[in-house]
Participant: 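Sharing a structure below in structure tokens format, with a few things to ask.
Per chain, numbering begins at 1; letters A, B, ... match sequence-line order.
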2 protein chains.
Amino acid sequence: MSNASDGGSQLRALRLLWGPAPGGGRGPRRGLTQGRIVEAAAEIADRQGLDGLTMRTLASELGVGVATLYTYVPGRPELLALILDQSIGQGVQPDELSGDWRDRLRQVAYADLQGYLQRPWMLQLLAAQPPALGPNLLAWYESMLRVMADSGLPIDDQVAALEAVDGYVRGMALAMTEDAATGGAGPDTERDAFYADHIDWQAHPLFAAASESGAISDHRANFAFGLERLLAGIAADDDVAPTGDFRAGNK
Amino acid sequence: MSNASDGGSQLRALRLLWGPAPGGGRGPRRGLTQGRIVEAAAEIADRQGLDGLTMRTLASELGVGVATLYTYVPGRPELLALILDQSIGQGVQPDELSGDWRDRLRQVAYADLQGYLQRPWMLQLLAAQPPALGPNLLAWYESMLRVMADSGLPIDDQVAALEAVDGYVRGMALAMTEDAATGGAGPDTERDAFYADHIDWQAHPLFAAASESGAISDHRANFAFGLERLLAGIAADDDVAPTGDFRAGNK
DNA sequence: TACTGTATCGAACAATGTTCGGAGTTCTAG
DNA sequence: CTAGAACTCCGAACATTGTTCGATACAGTA
């Protein structure tokens with residue numbers, strides 16, 4: 001009951017993702033396809049952001065009335081689930097890459113990062129709700145497991161490693177979208193001026209130093225740093241540390 | 001220009017976060033404080049999710065008219081920035097923990113994870129926009145840097161390690177909110193039934209096996225796995241790997 | 001005691017997702 | 001070939017959202 005905005009839309013999304021196109025029945029021939037709608041929707045989201053993707057702008061882009069959309073898609077939440085799975089499908093297939101499993105993992109990480117940076121709304125959708133397991137997500141996961149199968153790790157660790165790398169990429173992408181948000185055209189001078197004025201730099205000397213040195217804003221270097229450490233940690237087969245730290249939390 | 005929904009609200013949020021409370025001027029005494037509003041807003045978000053937090057529900061909860069809120073807060077986006085920074089401030093102060101820097105990093109990771117799981121809307125806000133650098137975020141960052149100062153790592157690596165752990169936690173939390181979304185009361189039988197029916201398990205043997213074994217759904221174990229690997233990788237001072245993989249991307 | 005500037009808030013406005021009802025279109029049953 | 005059924009399309013309407021306006025009440029100041 002934590003996410004109030006899901007009145008069974010997840011299930012409807014799944015039916016859309018997997019269900020067959022409802023083919024030719026009686027009435028007039030359909031002027032659109034689900035594919036065309038999803039494509040146009042993703043394009044609008046790319047240009048205007050998720051908020052700019054309204055049923056009206058989408059209908060107008062496609063040259064149809066708003067109500068028409070509802071004969072193809074049950075509602076906006078389901079539409080969002082569709083463009084998310086479609087975008088996932090546009091990434092690389094991990095097991096088609098070259099190199100050993102560690103190289104491939106790294107390449108997947110960079111490719112996925114780029115995807116998230118180009119489509120920040122994917123992260124918004126992922127944060128709003130766990131993604132429906134559509135065909136593309138499933139295929140990506142299976143492909144990822146094929147890569148991990150080469151690692152010689154136990155099956156549980158294969159999954160854990162996969163999830164860890166994927167999680168890391170998403171989390172870092174979250175922090176890196178910052179750059180895109182400012183417009184890409186140079187730093188936000190107004191904001192920086194505000195910081196300079198209102199922040200007590202004396203009281204935060206370490207932050208001041210780190211900020212000055214540029215270390216904080218060099219997201220790409222930070223991403224590379226953490227990724228290599230994570231991969232190295234996974235590849236090291238020696239036992240790591242006390243894995244138990246689960247006092248707090250649920251059952 | 002990627003995020004269309006920000007018409008300078010970031011700056012207004014910063015002013016709110018750092019600016020002094022506008023004190024007693026002339027008119028009637030103010031019946032509310034920014035603090036009380038933010039507290040009530042976060043509570044509503046906890047119960048009803050971010051979508052349930054409307055200006056009307058908030059006003060009603062506080063027993064005031066809707067328009068009154070706008071004398072305390074410029075608008076909803078700024079309100080969201082406030083509850084985010086406030087929530088960040090409710091986590092632990094990293095440098096008040098015990099143990100060496102690696103232990104502390106681990107404790108911070110678990111504490112932050114718990115915070116994100118209890119307040120999934122924090123992740124939604126982080127995904128929608130990079131957080132405004134409010135007092136609490138700044139304090140947390142400074143505290144984190146104090147912890148990292150013990151590591152003996154170069155300053156750049158300190159920042160990178162900090163960002164990596166933080167990013168990892170957020171990314172994994174993204175995947176783990178799944179549990180909360182189903183309501184917590186057992187697995188989603190309807191959804192699982194759909195999966196069983198419509199997915200071609202033969203074509204995805206590895207996923208089928210991983211799913212069957214429960215490895216995929218054991219998020220807490222996966223989190224621990226990756227965290228230990230990441231920490232171990234950071235602690236290992238030997239050089240790691242080719243850090244250059246930056247053909248694609250921007251300048 | 002008047003004046004000024006503020007706080008409060010009911011009402012209205014624009015934009016959004018969604019539904020309703022009717023008009024047109026195509027297939028199918030007889 | 002015709003009549004009905006089932007479907008597509010969509011203008012209009014509805015509920016809900018964030019936000020603004022204008023009036024009214026209040027508290028300091030001169």
Participant: What distance do A:Met55 atom CE and A:Tyr70 atom OH have between them, rounded to the nearest 0.5 Å?
Facilitator: 3.5 Å

Participant: Before you tell me yes or no, could you show the steps for A:Arg47 and A:Glu61 under salt bridge (Lys or Arg N to Asp or Glu O under 4.0 Å), namely the whole-Å CA-CA distance, both residues' side-chain angles and the distance that decides it to 0.1 Å?
Facilitator: CA-CA 13 Å; A:Arg47 286 201 309 267; A:Glu61 174 81 21; 3.7 Å; yes

Participant: Between side-chain atoms of residues 73-85 of chain A and protein atoms elsewhere (two or more places apart, or another chain), which donor-acceptor pairs fall under 3.5 Å?
Facilitator:
| from | atom 1 | to | atom 2 | distance (Å) |
| --- | --- | --- | --- | --- |
| A:Arg76 | NE | A:Leu53 | O | 3.2 |
| A:Arg76 | NH2 | A:Leu50 | O | 2.9 |
| A:Arg76 | NH2 | A:Leu53 | O | 3.1 |
| A:Glu78 | OE1 | A:Gly75 | N | 3.2 |
| A:Glu78 | OE2 | A:Arg12 | NE | 2.8 |
| A:Glu78 | OE2 | A:Arg12 | NH2 | 3.4 |
| A:Asp85 | OD1 | A:Leu137 | N | 3.1 |
| A:Asp85 | OD2 | A:Asn136 | N | 3.2 |
| A:Asp85 | OD2 | A:Asn136 | ND2 | 3.1 |

Participant: Taking only heavy atoms on the protein side, list every residue of residues 35-43 of chain B lying under 4.0 Å from any atom of DNA chain D, sorted numerically.
Facilitator: none

Participant: At what distance, to the nearest 0.5 angstrom, does CG of B:Leu32 lie from CD of B:Gln34?
Facilitator: 11.5 Å

Participant: How are the rings of B:Tyr141 and A:Phe207 set relative to one another: parallel (under 30°), tilted (30 to 60°) or perpendicular (over 60°)?
Facilitator: perpendicular

Participant: Return the set of residues passing side-chain contact (heavy atoms from CB on, under 4.5 Å) with A:Arg26 (not counting sequence neighbours), or none when no residue passes.
Facilitator: none

Participant: For the atom pair OG (B:Ser211) and CH2 (B:Trp201), what is the distance rounded to the nearest 0.5 Å?
Facilitator: 4.5 Å

Participant: Name the residue from A:Asp166, A:Val108, A:Val159 that meets the side-chain contact (heavy atoms from CB on, under 4.5 Å) definition with A:Met144.
Facilitator: A:Val108

Participant: Could you state the atom-to-atom distance from CE of A:Met55 to P of D:dA15 in whole Å?
Facilitator: 20 Å

Participant: Measure from NZ or CZ of A:Arg30 to the centre of the six-membered ring of A:Tyr72, then state whether that distance is under 6.0 Å and the direction lies within 45° of the axis.
Facilitator: yes

Participant: To the nearest 10 degrees, how far apart in direction are the end axes of the helix from C:dT1-D:dA30 to C:dG30-D:dC1, each fit to five base pairs?
Facilitator: 10°

Participant: Measure CZ/B:Arg76 against P/C:dA15 and give the value in whole Å, please.
Facilitator: 19 Å

Participant: Please report, rounded to the nearest Å, how far the C1' atom of C:dG24 is from the CZ atom of A:Arg30.
Facilitator: 16 Å

Participant: Does either side chain, that of A:Thr54 or that of A:Thr57, offer a donor lying less than 3.5 Å from an acceptor on the other one?
Facilitator: yes

Participant: Pick out the pairs of N or O atoms, protein on one side and nucleotides 26-29 of chain D on the other, that lie under 3.5 Å.
Facilitator:
| from | atom 1 | to | atom 2 | distance (Å) |
| --- | --- | --- | --- | --- |
| D:dA27 | O4' | B:Gly27 | O | 3.1 |
| D:dG28 | OP1 | B:Arg29 | NH2 | 2.9 |
| D:dG28 | N2 | B:Arg26 | NH1 | 3.4 |

Participant: Walk me through whether B:Phe223 and B:His219 qualify under side-chain contact (heavy atoms from CB on, under 4.5 Å).
Facilitator: CA-CA 6 Å; B:Phe223 177 85; B:His219 297 299; over 6 Å; no

Participant: Using atom CG of A:Leu79 as one end and atom C1' of C:dT18 as the other, report the distance to the nearest whole Å.
Facilitator: 14 Å

Participant: Grab the two heavy atoms, one from B:Gly134 and one from B:Trp18, that are nearest each other, plus how far apart they are.
Facilitator: C-CZ2, 3.6 Å

Participant: Scan residues 58-73 of chain A against DNA chain D and write down, sorted by residue number, each residue with any heavy atom closer than 4.0 Å; if none is found, say none.
Facilitator: A:Val64, A:Gly65, A:Ala67, A:Thr68, A:Thr71, A:Tyr72

Participant: Closest nucleotide of DNA chain C for B:Leu32 versus for B:Arg56: which of these residues is on the 5' side?
Facilitator: B:Leu32

Participant: Where is the tightest heavy-atom contact between A:Ala42 and A:Arg119, given as atom of each residue plus distance?
Facilitator: CB-NH2, 3.8 Å

Participant: Output the rounded distance in Å from CG (A:Asp51) to C1' (C:dT16).
Facilitator: 11 Å

